[in-house]
> 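Supplied in structure tokens, the structure appears directly below.
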Amino acid sequence: MESLTTNLPKYYNEASYDELSQRILDAKEKLGDKLLILAHHYQKDEVVKFADETGDSLQLAQLAQLNKVAEHIVFCGVHFMAETADILTEDNQKVILPDLSAGCTMADMVDDDELEIAWNMLTEKFGDLLPVTYINSTASVKAFVGTHGGSTVTSSNAENIITWALNQGKRVFFMPDQHLGRNVCFDLGIPLDQMATWDYIDHELNSDGDLDDCKIILWNGFCSVHQQFITEHVKYMRDTYPEVNIIVHSECCREVVALSDSHGSTNKILNSVKNSPDGSYWAIGTDNNLVGRIIARYPDKHVFSLNPNSCPCSSMNRIELPHLAWAIDNILNCDVKNVITVDEKISENAVMALEKMLSLS
Ligand code: 13P
Ligand code: SF4
């Protein structure tokens with residue numbers, strides 16, 4: 001398969017950090033508000049430093065939708081986020097992903113063919129379903145959901161939107177993150193044996209209960225970054241720091257979430273630490289780029305990674321200073337590269353699922 005990795009001209013790999021930083025600052029000055037740099041919380045410090053705005057997936061989608069001035073939006077995040085920004089922005093606004101290989105392995109766990117197989121088998125068994133997709137999915141999956149009356153969710157609004165979905169009188173089919181779906185439904189009072197899991201490799205439906213009673217079907221996708229947090233990490237932290245608050249991303253597995261004090265989006269994690277008293281103890285289960293920044297930002301609090309040895313999101317990490325400098329230089333040189341353009345028909349249908357979410361958020 002052809003590699004999507006954006007290979008840079010030699011200069012960008014050899015230039016010093018200071019030189020590249022200065023180039024970016026100069027370009028930002030020249031382009032003014034015609035350029036908007038958005039960065040997800042998982043980006044490295046060297047990228048976040050130049051962002052006009054940082055945020056979680058919901059905030060970044062809202063920021064992209066609100067901005068009507070920027071002609072170029074350099075999106076420092078992963079592919080599905082840049083696609084979402086393209087769908088929500090005007091036709092004259094270009095969304096640029098500095099490295100096209102910055103995908104999301106979880107989003108890639110649902111493709112159109114697999115979705116069609118699942119939908120046909122599941123609707124044959126259960127009748128009509130309401131599809132809901134985590135924003136970590138391709139534009140094409142969002143389009144499918146939009147055409148079937150469903151909605152997207154992010155980790156910060158999943159509870160509201162899944163509640164809405166469950167009240168529509170149909171079984172809900174949730175993709176692709178089984179953990180987010182399971183954790184949120186559990187909080188909403190749905191017993192685990194009323195949740196089924198769709199195994200997209202073996203095309204099998206599994207449940208600990210009677211399938212006729214299941215209220216939600218969860219695609220068995222997962223995030224490889226959040227799989228790195230296990231119950232032993234939680235137990236170790238509790239034994240070492242009895243007063244610790246343990247907060248994890250909702251993409252962590254049920255067992256880890258059950259032993260933690262709270263779970264939620266990257267923004268909820270940030271705000272929880274920010275709003276806590278000095279001297280409080282925190283152990284955080286999410287990408288270590290973000291955790292490292294929280295540790296540095298709050299020296300008066302005791303903040304730890306729940307697993308300091310976990311690898312950060314390798315896709316997010318593909319966007320680094322040289323790629324950012326290159327992407328912005330291309331704008332200045334009127335030779336814009338790595339523009340993310342979602343097909344018009346897909347965009348029209350995906351926007352229905354996104355608008356539903358934004359109206360319920
Ligand atoms: P947030 O919406 O919480 O930022 O999460 C996005 C993501 O991809 C987490 O892995
Ligand atoms: Fe995807 Fe996981 Fe990376 Fe988030 S952390 S972008 S879910 S692979």
Side-chain angles (χ1 to χ4, degrees), residues 38-44 47-48 51 53-64 75-85 88 97-110 132-138 141-142 151-162 174-181 183-184 219-229 247-253 256-257 260 262-273 284-294 305-307 310-319 354 357-358 361:
L38 296 177
H40 185 264
H41 287 313
Y42 290 165
Q43 291 290 303
K44 295 176 189 176
V47 168
V48 165
E53 306 274 3
T54 52
D56 67 6
S57 308
L58 178 64
Q59 292 171 308
L60 295 176
Q62 289 168 327
L63 286 162
F75 207 107
C76 303
V78 288
H79 195 268
F80 74 82
M81 296 179 181
E83 275 190 335
T84 302
L88 294 174
L97 185 64
D99 187 338
L100 293 179
S101 66
C104 163
T105 48
M106 178 204 282
D108 292 342
M109 288 175 186
V110 189
V132 173
T133 185
Y134 192 19
I135 200 161
N136 298 34
S137 54
T138 63
V141 168
K142 292 183 180 84
S151 176
T152 54
V153 310
T154 74
S155 49
S156 42
N157 57 25
E159 201 163 312
N160 280 351
I161 290 167
I162 294 179
F174 184 84
M175 300 166 276
D177 186 16
Q178 58 176 310
H179 300 301
L180 173 70
N183 288 323
V184 169
W219 192 277
N220 70 341
F222 59 87
C223 165
S224 47
V225 176
H226 291 94
Q227 286 227 122
Q228 299 174 92
F229 301 99
I247 185 162
V248 299
H249 198 279
S250 310
E251 290 173 10
C252 289
C253 70
V256 166
V257 167
S260 301
S262 53
H263 68 98
S265 68
T266 50
N267 204 42
K268 175 171 172 178
I269 293 172
L270 251 176
N271 283 335
S272 301
V273 179
I284 304 178
T286 197
D287 178 280
N288 277 336
N289 279 338
L290 173 60
V291 180
R293 203 150 42 241
I294 297 178
S305 169
L306 189 57
N307 175 5
S310 62
C311 303
C313 176
S314 55
S315 338
M316 289 272 182
N317 269 308
R318 288 185 190 275
I319 315 289
L354 286 163
M357 171 185 82
L358 292 168
S361 294

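Read the numbers this way: they start at 1 and go in the same order the structure lists the ligands and their atoms. Only heavy atoms go into these numbers, but all of them, side chains included; no hydrogens, no water, no symmetry mates.
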> Would you check if atom 3 (Fe) of ligand 2 lies under 2.8 Å from any N, O or S atom of Cys223?
no
> What is the closest protein heavy atom to atom 1 (Fe) of ligand 2, and at what distance does it sit?
Cys104 SG, 2.4 Å
> Among the heavy atoms of Thr154, does any lie under 4.0 Å from an atom of ligand 1?
no
> Any heavy atom of Lys268 closer to ligand 1 than 4.0 angstrom?
no
> Nearest protein heavy-atom contact for atom 7 (C) of ligand 1: which residue, which atom, what distance?
Glu251 OE2, 3.6 Å
> How close does the nearest protein non-hydrogen atom get to atom 6 (C) of ligand 1, and which residue and atom is it?
Ser57 OG, 3.3 Å
> Using heavy-atom distances only, which candidate in Asn136, Val225, Val78 approaches atom 4 (Fe) of ligand 2 most closely?
Asn136
> Which value, rounded to the nearest 0.5 Å, describes the distance between Met81 atom CE and Ile135 atom CD1?
8.0 Å
> Given 3.5 Å as the limit, does a donor-acceptor pair link the side chain of Arg318 with the main chain of Gly103, or not?
no
> Could you establish whether Asp287 and ligand 2 come within less than 4.0 Å of each other, counting only heavy atoms on the residue side?
no
> Mind running side chain to side chain contact (heavy atoms under 4.5 Å, CB included) on Leu358 and Leu58 for me, showing each step along the way?
CA-CA 9 Å; Leu358 292 168; Leu58 178 64; 4.0 Å; yes
> Between the side chain of Ser265 and the main-chain N/O of Ser155, is any donor-acceptor distance below 3.5 Å?
no
> Checking Asn267 side chain against Asp56 main chain: does a donor-acceptor pair fall under 3.5 Å?
no
> With a 4.0 Å cut-off on heavy atoms, is His249 touching ligand 1?
yes
> Answer whether the closest heavy-atom distance between the side chains of Asn289 and Val48 falls below 4.5 Å.
no
> Suppose I only count heavy atoms of Thr266 and a 4.0 Å limit; which atoms of ligand 1 are within that range?
1 (P), 3 (O), 4 (O)
> Apply the test side-chain hydrogen bond (donor to acceptor under 3.5 Å, both in side chains) to residues Asn288 and Ser310: give CA-CA distance (whole Å), side-chain angles for both, the deciding distance (0.1 Å), then the verdict.
CA-CA 7 Å; Asn288 277 336; Ser310 62; 3.0 Å; yes
> Under 4.0 Å from a heavy atom of Tyr42: which atoms of ligand 2 are those, numbered in the order shown and with their elements?
5 (S)
> If I take atom NZ from residue Lys268 and atom OG from residue Ser156, how far apart are they, to the nearest 0.5 angstrom?
10.5 Å
> Quick check: Asp56 and ligand 1, any N/O pair under 3.5 Å apart?
no
> Check each atom of ligand 1 against the heavy atoms of Ser265 and keep those under 4.0 Å away; list them by number with element.
3 (O)
> Looking only at heavy atoms, is any part of Asn136 under 4.0 Å from ligand 1, and if so is it the side chain, the backbone, or both, or is it neither?
side chain
> To check your reading of the model: name the closest protein heavy atom to atom 8 (S) of ligand 2, its residue, and the distance in Å.
Thr105 OG1, 3.6 Å
> For ligand 1, is there an N or O atom under 3.5 Å from any N or O atom of Asn267?
no
> Looking at ligand 1, does Cys223 have a heavy atom less than 4.0 Å from it?
no
> Would you indicate whether the side-chain heavy atoms of His41 and Gln59 approach each other to under 4.5 Å?
yes
> Anything under 30° is parallel, anything over 60° is perpendicular, the rest tilted; go ahead and classify His226 against Phe229.
tilted
> Does any non-hydrogen side-chain atom of Thr133 lie less than 4.5 Å from one of Pro176?
yes
> Would you confirm whether Ser315, through its side chain, and Ala102, through its main-chain N or O, come within 3.5 Å as a donor-acceptor pair?
no
> Can you name the atoms of ligand 1, numbered from 1 with element, that are less than 4.0 Å from a heavy atom of His226?
10 (O)
> Which atoms of ligand 2 are found less than 4.0 Å from any heavy atom of Cys313?
3 (Fe), 5 (S), 6 (S), 8 (S)
